[in-house]
Trainee: 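My structure is below; once you've seen it, I'll send some questions.
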2 protein chains.
Amino acid sequence: MPLAELAACPVGDVFRRLGDKWSMLLVILLGTRPHRYNDLHRSIEGISQRMLTRTLRALEADGLVRRTVFPTVPPSVEYSLTPLGRSLLAPLSALADWAVEHEQDIAAARTATA
Amino acid sequence: MPLAELAACPVGDVFRRLGDKWSMLLVILLGTRPHRYNDLHRSIEGISQRMLTRTLRALEADGLVRRTVFPTVPPSVEYSLTPLGRSLLAPLSALADWAVEHEQDIAAARTATA
DNA sequence: CTGAATCCATCGGGATACTG
DNA sequence: CAGTATCCCGATGGATTCAG
């Protein structure tokens, strides 16, 4: 795999897209099961309504998340991963596993520097 | 793999750390071979001295990058990946491969939305 | 319940100039 | 060569309020 060539390419875009505060968290969470709006709002703990909506809309525009409205009373909206979004779960999990394996290494480096 | 539990954990930290504009680019670039300062500055095309230095320092504090100073005249500084940094290349490549495979999917979703 | 709208603080990040 | 020091701007993101 030509890493040097990949660097300038879409890899950076993907990281910038998912590198914001909540995107990757939402993808992982929606990877477990579909969620409703307030369901997500309660699950995430700390996200504002504004950022939840904005992040969901961005992921929807990227084709990673599907938004399904059920015309009930009161209205109910379900968010789920698209096939593209689900295909992202595998490489995302690889990085998640790395993070878990090495979190104390990073913490150690930080305290050593501090 | 317990995805739901991982979500709240260090995964977010990793993404935020590498999600800035240049970090992941530097890791991939340093994964190919060690580089000197101006070497990186020329290779990256668009990065300012300020951000190059700041990003390198941050990666160094995270224990991902090693900075080696050779006391020559004029001074020469080499940046390379630590073992921890190299261990990150594998999951990073997985995500890079995903980005390359699906870049047209994302582009298609974007134009469909726009 | 599912948002939209507005206001405002913080921060990332670029341009430029200067230094050992 | 390898940085540091300032200045400055736009984007990110939180709090709050309003609405269908």
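Every chain is numbered from 1 and lettered A, B, ... according to where its sequence line falls, protein lines coming before strand lines. This one's a predicted model, so the numbers in the text were calculated from it and none came from an experiment.
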Trainee: Which nucleotide in the list dG20(C), dG3(D), dG3(C) gets nearest to the side chain of P75(B)?
Mentor: dG20(C)
Trainee: Once you round it to whole Å, what is the distance between P of dC11(C) and CZ of R54(B)?
Mentor: 11 Å
Trainee: To the nearest angstrom, how far is M51(B) atom CE from dG12(C) atom P?
Mentor: 8 Å
Trainee: Quick one: which of dA2(D), dT4(D), dG14(C) gets closest to the side chain of S76(B)?
Mentor: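 Among dA2(D), dT4(D), dG14(C), the one nearest the side chain of S76(B) is dA2(D).
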Trainee: Is F70(A) reachable from V65(A) through a run of hydrophobic residues whose side-chain heavy atoms are each under 4.5 Å from the next?
Mentor: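 No.
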Trainee: More than 12 heavy atoms of other residues, nucleotides or ligands under 6.0 Å from CD of E45(A): yes or no?
Mentor: no
Trainee: Do you know which two heavy atoms are closest between T55(A) and D20(A), and how far apart they sit?
Mentor: CG2-OD1, 4.3 Å
Trainee: On a plain distance test, is the side chain of Q49(B) in donor-acceptor contact with the base of dA2(D) below 3.5 Å?
Mentor: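 Donor-acceptor pair under 3.5 Å: no.
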Trainee: Between Y79(A) and dG3(C), does any side-chain N or O lie under 4.0 Å from OP1 or OP2?
Mentor: yes
Trainee: What is the distance, rounded to the nearest whole Å, between atom CG of L52(A) and atom P of dA5(C)?
Mentor: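 Answer to the nearest Å: 16 Å.
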Trainee: To the side chain of T53(B), which of dG20(C), dG3(D), dG12(C) is closest?
Mentor: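 Of all the options, the side chain of T53(B) is nearest to dG3(D).
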Trainee: So, does R57(A) get its side chain near the phosphate of dA4(C), meaning an N or O under 4.0 Å from OP1 or OP2?
Mentor: yes
Trainee: If I take atom NE2 in residue H41(A) and atom C1' in nucleotide dG13(D), what distance separates them, rounded to the nearest angstrom?
Mentor: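 Checked: the NE2 to C1' distance equals 13 Å.
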Trainee: If I take atom CG in residue D20(B) and atom P in nucleotide dG13(D), what distance separates them, rounded to the nearest angstrom?
Mentor: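 Whole-Å distance recorded here is 13 Å.
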Trainee: Mind calculating the distance between CG (L40(B)) and P (dG3(D)) to the nearest angstrom?
Mentor: 10 Å
Trainee: Does a side-chain N or O of R36(A) approach OP1 or OP2 of dT2(C) to a distance below 4.0 Å, or not?
Mentor: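 Looking at the OP1 and OP2 atoms of dT2(C), one of them is under 4.0 Å from a side-chain N or O of R36(A).
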Trainee: Given dC7(C), dG14(C), dG3(D), which nucleotide is nearest the side-chain atoms of R50(A)?
Mentor: dC7(C)
Trainee: For Y37(A) and dC1(C), give me the distance from atom OH to atom P, rounded to whole Å.
Mentor: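 Between P of dC1(C) and OH of Y37(A): 11 Å.
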Trainee: Salt-bridge test for D39(B) and R33(B): reply yes if a basic N is under 4.0 Å from a carboxylate O, no otherwise.
Mentor: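 Yes.
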Trainee: Within this structure, what is the CD1-to-C1' distance between I47(A) and dG13(D), rounded to whole angstrom?
Mentor: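 Distance, rounded to whole Å: 10 Å.
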Trainee: Between atom CE of M24(B) and atom CG of L88(B), what is the distance when rounded to the nearest 0.5 Å?
Mentor: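 Nearest 0.5 Å value for the CE-CG distance: 11.0 Å.
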Trainee: Measure from the side chain of N38(A), starting at C-beta and using heavy atoms only, and say which of dA15(C), dT2(C), dT6(C) lies closest.
Mentor: dT2(C)
Trainee: Please pick, from dT6(C), dC1(D), dG14(C), the nucleotide with the shortest atom-to-atom distance to any side-chain atom of K21(B).
Mentor: dG14(C)
